[in-house]
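All residue numbers refer to positions in the sequence shown, counting from 1. When a ligand or atom number is given, it counts from 1 through the structure's own listing order.
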Amino acid sequence: MHGTQTRQYEDVLQLQTAQQRLDKVLASIRDITRRVGREPHNIRLIGASKAQPAAAIRELAALGIRDFGENFVQEALQKQRALADLDLIWHFIGRIQSNKTRDIAKHFAWVHSVDRIKIAHHLSHHRPADQGPLNICLQVNIQQEPSKAGLSLQSLEEVAQAASALPGIKLRGLMAIPQPSDDLIAQRRPFAKLRMLLEQLNSQGLRLDTLSMGMTTDMDAAILEGATMIRIGTALFGPRRRAPTV
Ligand SMILES: *Cc1c(COP(=O)(O)O)cnc(C)c1O
């Protein structure tokens with residue numbers, strides 16, 4: 001990466017194998033963390049596997065990736081069944097309908113996209129006691145876009161305090177999906193803001209350790225601003241194989 005040039009889809013789409021794609025993502029993580037004095041192992045790489053077949057997940061799992069993020073419950077459960085022989089950690093990263101919270105609470109280790117206190121209550125209620133607390137992140141509508149998922153900046157503190165008091169779930173941090181931009185400076189701004197919000201909540205007594213931010217085209221900006229989890233689809237899997245709406 002040079003200057004403020006950002007990562008583009010085109011170059012990752014030319015890589016042919018899962019190994020090549022993974023090597024490139026890992027090299028970027030090493031490169032960017034080195035620039036800011038962070039340790040690569042503090043960035044948890046989550047394969048965003050929506051619209052990718054179970055076989056593609058299996059291929060990445062064989063290369064050492066254990067964390068996968070899915071957006072649709074039915075699609076995720078099918079893949080989980082097909083991959084039940086593997087020791088994987090499943091993250092729910094999609095929009096949450098309240099009638100799906102029972103399945104989500106039962107079949108995932110993490111939920112990144114909690115954007116209403118009602119959903120936190122449902123997840124808390126449905127989490128089976130023998131599975132330990134479900135890790136959750138609150139999704140923030142960081143640029144206050146009219147029709148975007150995520151908590152408003154005004155409601156964040158109240159929801160965070162309330163969610164952190166619920167049994168069965170453990171509030172770990174914040175997640176955001178900023179507007180696309182091909183300018184590195186512009187990409188960094190909303191991520192810096194999310195980090196600041198996390199620090200604010202921690203100064204108010206919470207103990208949050210997770211910033212879930214960064215996708216294929218803005219992962220560098222996210223890592224520069226302190227991401228602890230990046231959710232990478234296209235750069236790891238190549239183009240999505242079918243419409244992600246199972
Ligand atoms: C699809 C998706 C990603 C990954 O997107 P890419 O641009 O393909 O890396 C990350 N996070 C969420 C919430 C997604 O829906």
Side-chain angles (χ1 to χ4, degrees), residues 1 6-15 18 20-29 32 43-54 56-57 59-60 65 67-76 79 89-97 100 104 108-116 119 135-143 145 147-151 172-184 186-187 190-191 194 210-223 225 227-246:
M1 196 181 66
T6 57
R7 203 164 294 284
Q8 301 295 321
Y9 282 108
E10 291 76 61
D11 38 288
V12 302
L13 297 184
Q14 279 160 20
L15 299 173
Q20 286 175 323
R21 288 189 294 264
L22 176 60
D23 285 348
K24 179 146 193 226
V25 170
L26 294 178
S28 305
I29 294 173
I32 304 297
I43 316 290
R44 190 156 162 186
L45 175 58
I46 298 168
S49 44
K50 63 171 178 277
Q52 300 292 351
I57 296 175
E59 202 178 4
L60 276 169
I65 302 300
D67 290 276
F68 292 93
E70 288 281 342
N71 293 60
F72 301 95
V73 175
Q74 288 319 113
E75 179 184 342
K79 289 181 213 175
I89 301 169
W90 292 97
H91 301 248
F92 191 81
I93 63 176
R95 277 217 155 158
I96 304 174
Q97 298 167 270
K100 297 286 167 63
I104 294 173
F108 291 83
W110 283 79
V111 181
H112 294 231
S113 43
V114 175
D115 66 352
R116 282 164 286 160
I119 296 297
N135 296 294
I136 71 163
C137 292
L138 297 176
Q139 182 173 351
V140 181
N141 184 355
I142 193 74
Q143 288 156 311
E145 296 170 73
S147 59
K148 189 109 165 210
L151 288 158
R172 297 292 300 269
L174 303 179
M175 181 273 234
I177 308 174
Q179 277 173 337
S181 162
D182 53 17
D183 176 64
L184 184 70
Q187 285 183 352
F191 292 141
L194 196 72
T210 301
L211 279 170
S212 169
M213 55 190 201
M215 316 189 349
T216 291
T217 56
D218 58 13
M219 59 173 272
D220 297 350
I223 293 170
E225 295 299 344
T228 64
M229 289 185 166
I230 56 176
R231 310 175 312 272
I232 307 299
T234 313
L236 272 182
F237 289 97
R240 287 187 257 284
R241 319 288 170 94
R242 53 192 162 71
T245 47
V246 168

query: Looking only at N/O atoms, are Thr217 and ligand 1 under 3.5 Å apart anywhere?
result: no
Check: Gly233 N/O within less than 3.5 Å of ligand 1 N/O: yes
- request: Using a 4.0 Å heavy-atom cut-off, say whether Lys50 meets ligand 1 through its side chain, its backbone, both or neither.
  value: side chain
- prompt: Is ligand 1 under 4.0 Å from a heavy atom in the side chain of Thr216, in the backbone, in both, or in neither?
  reply: both
query: Can you list the atoms of ligand 1 that are under 4.0 Å from a heavy atom of Ile177?
result: 13 (C)
Atom indices of ligand 1 within 4.0 angstrom of Thr234 heavy atoms, with elements: 6 (P), 8 (O), 9 (O)
message: In terms of relative ring orientation, are Trp90 and Phe68 parallel, tilted or perpendicular, with 30° and 60° separating the classes?
response: tilted
Proximity flag Arg240 to ligand 1, non-hydrogen atoms under 4.0 Å: yes
statement: The side-chain contact (heavy atoms from CB on, under 4.5 Å) partners of Ala176 (sequence neighbours excluded) come to Ile142, Leu194
task: Could you pull out all residues at least two apart from Pro53 that satisfy side-chain contact (heavy atoms from CB on, under 4.5 Å)?
output: Ala56, Arg241
- line: Residues Glu70 and Ile57: closest non-hydrogen pair is OE2-CD1, 3.9 Å
task: Would you check if Met219 and Val25 make a side-chain contact, meaning some heavy-atom pair closer than 4.5 Å?
output: yes
